[in-house]
K.L.:
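One structure coming up, written as structure tokens, with questions to follow.
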Amino acid sequence: MSQLGADHHSRGLERDPSDMVQLLTPEGERVEHPDFSWHGTEDDLRRMYRDMVIARRYDLEGTALQRHGELGLWPPLQGQEAAQVGASHALNDRDYIFPTYREHAVALHRGVDPADMLALWRGTTMGVWDTKGTGFFQYGIVIGSQTLHATGYAMGMQLDGMVGNPDPDHNGAVLAFHGDGASSQGDVNEAYVFAASYNSPVVFFCQNNQWAISEPISRQTRIPLYQRAQGFGFPGIRVDGNDVLAVNAVTAWAMERARQGQGPAFIEAFTYRMGAHTTSDDPSKYRLAEETEHWRLKDPIERLRVHLTRNGLIDDDWLHALEQEADEFGASVRAACHGLTNPDLEQIFAQTYADITPPLVAQRAEHVAWVSSFEGGK
Amino acid sequence: MSQLGADHHSRGLERDPSDMVQLLTPEGERVEHPDFSWHGTEDDLRRMYRDMVIARRYDLEGTALQRHGELGLWPPLQGQEAAQVGASHALNDRDYIFPTYREHAVALHRGVDPADMLALWRGTTMGVWDTKGTGFFQYGIVIGSQTLHATGYAMGMQLDGMVGNPDPDHNGAVLAFHGDGASSQGDVNEAYVFAASYNSPVVFFCQNNQWAISEPISRQTRIPLYQRAQGFGFPGIRVDGNDVLAVNAVTAWAMERARQGQGPAFIEAFTYRMGAHTTSDDPSKYRLAEETEHWRLKDPIERLRVHLTRNGLIDDDWLHALEQEADEFGASVRAACHGLTNPDLEQIFAQTYADITPPLVAQRAEHVAWVSSFEGGK
Amino acid sequence: MAATMTLAKALNAGLRRALDADPKVLLAGEDIGKLGGVFRITEGLQKDFGEDRVIDSPLAESGIVGTAVGLALRGYRPVVEIQFDGFVFPAFDQIVTQVAKMHFRTHGQHPMPMVIRIPYGGGIGGIEHHSESPEAYFAHTPGLKVVTPANANDGYWMIQQAVASNDPVIFLEPKRRYHQKGEVDETSTPMPLHQARVVRPGRAVTLFTYGPMVKTCLDAAAIAADEGQELEVVDLRSVSPIDWVTVFDSVRRTKRAIVVHEAQRSGGIGAEVVARLHEELFYVMESPVLRVTGFDTPYPMSRVEEDYLPNLDRLLDAVDESLSH
Amino acid sequence: MAATMTLAKALNAGLRRALDADPKVLLAGEDIGKLGGVFRITEGLQKDFGEDRVIDSPLAESGIVGTAVGLALRGYRPVVEIQFDGFVFPAFDQIVTQVAKMHFRTHGQHPMPMVIRIPYGGGIGGIEHHSESPEAYFAHTPGLKVVTPANANDGYWMIQQAVASNDPVIFLEPKRRYHQKGEVDETSTPMPLHQARVVRPGRAVTLFTYGPMVKTCLDAAAIAADEGQELEVVDLRSVSPIDWVTVFDSVRRTKRAIVVHEAQRSGGIGAEVVARLHEELFYVMESPVLRVTGFDTPYPMSRVEEDYLPNLDRLLDAVDESLSH
Ligand SMILES: Cc1ncc(C[n+]2csc(CCOP(=O)(O)OP(=O)(O)O)c2C)c(N)n1
Ligand SMILES: Cc1ncc(C[n+]2csc(CCOP(=O)(O)OP(=O)(O)O)c2C)c(N)n1
Ligand SMILES: [Mg+2]
Ligand SMILES: [Mg+2]
């Protein structure tokens, strides 16, 4: 028998918890919640559906490109489309996002060039894109570190007077993504401390996809994660992460209170990583197919499709057109990937500092001379 | 007006909270609490009183020795005697303590040689004492790091089968001290995560003395600190840290559940640092004398003295004898300090590794040769 | 008894033997249990030794190392895994202020028999933080010892010696050589952990290197041999302490040296090797010691890493330069 | 306009001017507000600039630096204080993996105009973690710049230059020299931040040093002068990048050199200086460069620190040794 609390697998962490906000059941039925309602238009519904479908396609392309050796690595988002699209659709132009490495759907929705993201996984860039135009910051690889950046950025927005203005068009807030595993990191907990201490406009959006690579959520926590927040003095709420409506409603609420100066909040989007952690991972080593099957029945796209179809909001033509669009998008993604050009080592010297140092200038010169010694046909 | 939540001074952090366990009022009156009672003997009461008096004396000597240039620094404990003595008296021989730098009262009670502690502050040793015999580990200077050591040590006790045995004499647990300021550190929050994940027998004992050097508790948290624990999945409880009975009862409860295998707990001992942060500090720069005066009325020693006297458990003779003892102890502390001998640089080479490395042997030889070149009358 | 296996398998076998030999040995880290670690170095060990000896940790490196300090204080010999080089930094404080200093702080009362395993180095097409060489940070930290095996046999033995060490050992595993096969002799007596090895004797120039670059240097030496230059290749194996006896001996013979590592140049292990050679063999060396290393930039995007890392061309060029003096 | 003031006051005045000059400049750290920092470097600044520009931080160094990254991304120029050298390590991850790399990661899109102020070095009778010299860790980290003033005038100007730098600057303050007075010329144009200065010209041997050891080296040079030896003392001021032009120029003249620092020797700044001198001036130097430094042990208990730190005796001995070749 294990001494180290190895019963952790069977902790009070239910697979199907009831204490989460849900507005659309896995069967595609609209339900009400006492505290949260969703007020969007039919167009909004279709747009969110479309964004989920496109995100899934992007993800499939990413995985395929990796399998074909075009990318070094790809972290799939499958299963988490509703969490990401629902959250992203709750943002305004003055909001900013600090992602992990898996928020491809948010990136696309914010207008990040898909090719720029592929460049990161292909290794032709460090992962640079238009952060200013999109409000979507660089992917963060060191688990949790981006939550502090997000909090600091939110502090900056406070200092800039972007919080609590009577005119909502002057307000903004920050959405900080992190995973369930990340909740164990010191940095993430320090981010909670700072955000609470300065009452900063930052919403921590935790996609609890049940796994941190091979470790189940029960290794990180023995109670539902959303309860972490109250110990730091701000609200934590759990939402069905496969329900795009509920995610959208809860995120909209949390972001709005942040913008109005009511401080941070924490959202646990209860979802599931359907695929591998990354293309390097083999989940069959550590989890049962049965679990994945269980979650397949809660698919975020399917449930919205059923809802939309059943209510006559979309029809086969519309779906067909979307499939066309996704196919074209997929083709464009593949083309963009193939169009990525290899960088030159020379650029890394100037890339290191805003003002390059003399020793680095010398190293660059040495390198350039060496390269041209070859070109000179040495 | 400050944007960064600078109203933090006026947060719901009362100076005299009601949600804390109290068994002895500031006026020395015994009161009951629905969940906690104290079952010690009269002797226990006298012993705790004595230990508080001796600790305060030790502290005064430390401060005086520093003022006289005998010590480089001294961190006073005045005001926190009940928190420390009450906690220490709840421990058994198989329990272990990981302190900060201020738990002089615990150290004395566990049998740490006062001179060994002075040696740290004098700079004649790194602060080494009989950790095995006393169960009292080294002082920790890097804020919060010891909480992880404590948790790891507790994991080791689990692995050693020292938890949850039917025979209580085979069980033990760890008491990890940290301050209110420390609660912001990543390491401390990671310690909570690990302790919860492994259900380890460690009790986090936070002396909330209201200040982290010049920063008030409201800079670290906007809700009472004891509530932090529940977000990690284990109980947090607030106790009047100037009430030795309550501290003792609550600590005994928490340690016993840990020993029995019920996992970690968190205790916030609500107290006050009457003196400076250390002898290098000047609290008049950042806090009002009025505040200190308010707390003086809650003095932990005085309230127990009133209680003991009023109930005829001690009399003037007893008090006088104790004063004698304290005087003698004080004299012995001073003598011990003067008796500390300066180390020799040579020892640091062997002190670095269990197996010294050849380059370090060479550096030592170089140093020794250099020293003897002087002695040789160079 | 000798067998051919990859470095990865050799490390696995070495860990297995260490777990077998001493019940106080524990492994801890992220994903080391069922998954066997992202590089499968601990594969099968949790199954055989149980969840209390091969412990999956919460995702927090400071926590992993910090609790290992506590376990070591309790008499255990923890072997912790850091998943990738770039993720050792959250644990840096515990390593530098606690692990490295506990023996010193306690005047020897509490040694820290801990091993911190870190897959390191580039050449695997990784994304940021997955290809770094942080050895110089640790080598500059008194109280730590830092070693790195370059082949399967060393992997097998050095991990056991590191576990047996009463001092904390940073154990750097050259991840791009995990799949390189070699003979493992499970019965012979291994050489001491902190001793350097002349892996190829030669008289023209000595290449000092370690970890992933040992193979590259040997390849370079093979090519140079075809051109009639006999390079000596010394695998330092331990970068703290460095076995200066072997280093100086070699240069006393060759009188020329090149230090090779992947890490950025300034303040790297190469600097210390050059400095010591300069100090000790000032009148012996016939040309300046050269450094062939990564550049003083962050580790770059993978599509340029082959140019960033020391490669055969750069090495052979340096040999020419060294000999040209 | 010149005034005599301590290094501490000069830093305070420099910070004040930086806050005045640019509303985007912010200070953050533990106890820097009402208390003015444990060394009073920020004294009075919160009173004058408010709680939103001189920000008391929760007790968490990683949080301080990590939120400063976010503030810098937002367009601010944060100047953070680490209370003592030994407490920078909890922030090491954010410094090395985030601050140092943001410009690189974003291909220049997001520079990191951040200053991390750290009182460092020994000689103050401190307890553990209060006397360390961590500069080599940072100098080995591409993306960071590392400077250290040795006198009041440099303190006044260098802190302003560091704040104005678009690259992250580790700003090391020699805490035992805080109370050393000097002339501060508030109007002259300062020399560039990363340039070394010949603080005392001489022809016999060059002493390369920085921070707290500049005074010690100057004292040694004064004594040596009495004995007829003209030592040159070079204050590096910037240990990353190092101003090699000034370094090499000096040794081209003196042909002999000693590097002096408090930090442990192996892998320290001295190693890099020796290595570069060896590489560049192999045929020029007349005797091996010597290193006078702390020993390769943790910083010891204060009662032996005067023997641990380079002192006049050790310096003058090294001068003799250098000249004896
Ligand atoms: C500091 C750090 N440690 C380890 C890793 C390796 N790693 C990458 S992703 C991951 C698991 C993250 O799990 P979670 O936070 O739940 O996010 P998810 O991958 O499930 O989206 C780990 C351990 C890392 N990137 N950074
Ligand atoms: C990592 C770290 N940062 C900063 C310090 C400097 N420091 C020493 S004590 C202290 C305040 C601690 O406050 P708290 O945790 O409340 O404990 P208290 O001193 O009140 O007992 C600080 C900031 C330190 N020792 N370690
Ligand atoms: Mg996850
Ligand atoms: Mg406190």
Side-chain angles (χ1 to χ4, degrees), chain A residues 1-4 6 72-73 101 119-127 139 141-145 179-188 212-215 219-221 277 280-282 285-287 340 342-349 351-352 357 359-360 363-364 366-367 370-371 373-374 378, chain C residues 26 28 30-40 43 50-53 55-64 66 83-84 86-87 89-91 93-94 124-131 264-266 293-309 313-314 317-318:
Chain A
M1 205 210 58
S2 158
Q3 300 290 337
L4 291 176
L73 190 78
Y101 39 80
L120 164 61
W121 304 107
R122 189 176 170 88
T124 59
T125 74
M126 298 298 294
Y139 273 178
I141 306 293
V142 181
I143 297 293
S145 53
D180 46 293
S183 68
S184 294
Q185 282 285 5
D187 269 10
V188 175
I213 309 188
S214 75
E215 299 192 352
R219 176 81 293 158
Q220 320 290 342
T221 181
H277 169 68
S280 297
D281 180 40
D282 174 8
K285 289 239 170 205
Y286 53 81
R287 70 184 191 186
L340 293 172
N342 277 350
D344 198 293
L345 188 73
E346 197 183 326
Q347 79 179 63
I348 72 171
F349 298 95
Q351 208 175 313
T352 303
T357 66
L360 209 47
Q363 280 190 17
R364 179 172 56 190
E366 200 183 303
H367 167 73
W370 186 76
V371 168
S373 76
F374 279 91
K378 187 187 165 175
Chain C
L26 300 177
E30 296 158 9
D31 305 297
I32 70 165
K34 278 193 186 156
L35 185 61
V38 295
F39 292 108
R40 310 293 186 269
E43 182 138 52
E51 293 194 30
D52 284 347
R53 298 202 56 206
I55 305 169
D56 268 330
S57 311
L59 208 179
E61 286 77 8
S62 191
I64 293 170
Q83 202 160 77
F84 279 89
F87 308 138
F89 298 110
D93 174 57
Q94 283 285 344
I124 59 154
I127 54 168
E128 199 182 356
H129 313 292
H130 288 70
S131 303
Q264 57 270 22
R265 184 179 310 166
S266 291
T293 68
F295 296 101
D296 285 329
T297 72
Y299 195 90
M301 38 283 187
S302 61
R303 291 278 162 159
V304 297
E305 71 179 338
E306 291 307 332
D307 294 333
Y308 177 85
L309 294 168
D313 286 331
R314 280 171 68 197
D317 244 39

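The sequence lines fix the lettering, A, B, ..., with proteins before strands; numbering per chain opens at 1. In this text, all values refer to a predicted model and were calculated from it rather than measured experimentally.
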K.L.:
Is there a donor in the side chain of C/Q94 and an acceptor in the side chain of C/E61, or the other way round, less than 3.5 Å apart?
P.N.:
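Judged by distance alone, the side chains do not pair up.
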K.L.:
Pick one of side chain, backbone, both or neither for A/A119, based on which atoms fall under 4.5 Å of a heavy atom in chain C.
P.N.:
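Looking at A/A119, nothing touches chain C.
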K.L.:
Taking side chain as everything from C-beta outward and backbone as N, CA, C, O, which of these in A/D281 sits under 4.5 Å from a heavy atom of chain C? Side chain, backbone, both or neither.
P.N.:
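Side chain of A/D281 only, per the 4.5 Å heavy-atom cut-off to chain C.
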K.L.:
Which region of C/F39, side chain (C-beta onward) or backbone (N, CA, C, O), has a non-hydrogen atom less than 4.5 Å from a non-hydrogen atom of chain A, or is it both or neither?
P.N.:
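For C/F39, neither part sits under 4.5 Å from chain A.
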K.L.:
So which part of C/Q83 gets closer than 4.5 Å to some heavy atom of chain A, the side chain, the backbone, both or neither?
P.N.:
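Side chain of C/Q83 only, per the 4.5 Å heavy-atom cut-off to chain A.
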K.L.:
Side chain, backbone, both or neither: which part of A/R364 has a heavy atom under 4.5 Å from chain C?
P.N.:
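Contact with chain C involves no heavy atom of A/R364 at all.
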K.L.:
Is the shortest side-chain heavy-atom distance between C/V38 and A/S280 below 4.5 Å?
P.N.:
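C/V38 does not reach A/S280 side chain to side chain.
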K.L.:
Contact part of A/L345 toward chain C, heavy-atom cut-off under 4.5 Å: side chain, backbone, both or neither?
P.N.:
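Both parts, heavy atoms under 4.5 Å.
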K.L.:
Tell me, side chain or backbone of A/I143 under 4.5 Å from chain C's heavy atoms, or both, or neither?
P.N.:
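Just the side chain, heavy atoms under 4.5 Å.
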K.L.:
Return yes if a side-chain donor-acceptor contact under 3.5 Å exists between A/T124 and A/N342, otherwise no.
P.N.:
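A/N342 and A/T124 do not have a side-chain donor-acceptor pair below 3.5 Å.
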K.L.:
Would you mind reporting whether C/E305 and C/S131 have side-chain heavy atoms less than 4.5 Å apart?
P.N.:
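C/S131 reaches C/E305 side chain to side chain.
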K.L.:
Please confirm whether the ring centroid of C/F87 lies under 6.0 Å from the ring centroid of C/H130.
P.N.:
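Centroid separation for C/F87 and C/H130: below 6.0 Å.
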K.L.:
Is chain A contacted by the side chain of C/E30, its backbone, both, or neither, given a heavy-atom distance below 4.5 Å?
P.N.:
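C/E30 touches chain A through backbone and side-chain heavy atoms alike.
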K.L.:
In terms of heavy-atom proximity below 4.5 Å to chain A, should C/L35 be classed as side chain, backbone, both, or neither?
P.N.:
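Backbone plus side chain of C/L35, per the 4.5 Å heavy-atom cut-off to chain A.
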K.L.:
Under a 4.0 Å threshold between the charged nitrogen and the carboxylate oxygen, would C/E43 count as salt-bridged to C/K34?
P.N.:
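The answer is no: the pair does not qualify as a salt bridge.
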K.L.:
Can you tell which part of A/I141 gets under 4.5 Å to a heavy atom of chain C, answering side chain, backbone, both or neither?
P.N.:
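Both parts, heavy atoms under 4.5 Å.
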K.L.:
Let me see the working for C/F295 and A/H367 under ring pair (Phe, Tyr, Trp, His ring centres under 6.0 Å), right down to the final yes or no.
P.N.:
CA-CA 9 Å; C/F295 296 101; A/H367 167 73; 5.7 Å; yes
K.L.:
Between the main-chain N or O of A/E215 and the side-chain N or O of C/D56, is there a donor-acceptor pair closer than 3.5 Å?
P.N.:
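Not at all, since once roles are kept as given, no pair shorter than 3.5 Å links the two residues.
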K.L.:
Any donor-acceptor pair under 3.5 Å linking the side-chain atoms of A/S184 with those of A/Q220?
P.N.:
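Yes, a side-chain donor-acceptor pair sits under 3.5 Å.
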K.L.:
Can you tell me how the ring of A/W121 sits relative to the ring of A/Y139, calling it parallel under 30°, perpendicular over 60° and tilted otherwise?
P.N.:
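Tilted: the ring planes of A/W121 and A/Y139 meet at 30° to 60°.
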K.L.:
Name the member of A/G72, A/A212, A/P343 that forms the most heavy-atom pairs with chain C at distances under 4.5 Å.
P.N.:
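Between A/G72, A/A212, A/P343, the count favours A/P343.
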K.L.:
What part of C/R265 lies closer than 4.5 angstrom to a heavy atom of chain A: side chain, backbone, both or neither?
P.N.:
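The side chain, not the backbone.
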K.L.:
When heavy-atom pairs shorter than 4.5 Å are enumerated against chain C, which of A/I348, A/T352, A/V188, A/L360 gives the highest number?
P.N.:
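With the most close heavy-atom pairs to chain C, the winner is A/I348.
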K.L.:
For C/T297, is it the side chain, the backbone, both, or neither that has a heavy atom closer than 4.5 Å to a heavy atom of chain A?
P.N.:
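Both backbone and side chain.
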K.L.:
For C/I55, is it the side chain, the backbone, both or neither that has a heavy atom under 4.5 Å from a heavy atom of chain A?
P.N.:
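Just the side chain, heavy atoms under 4.5 Å.
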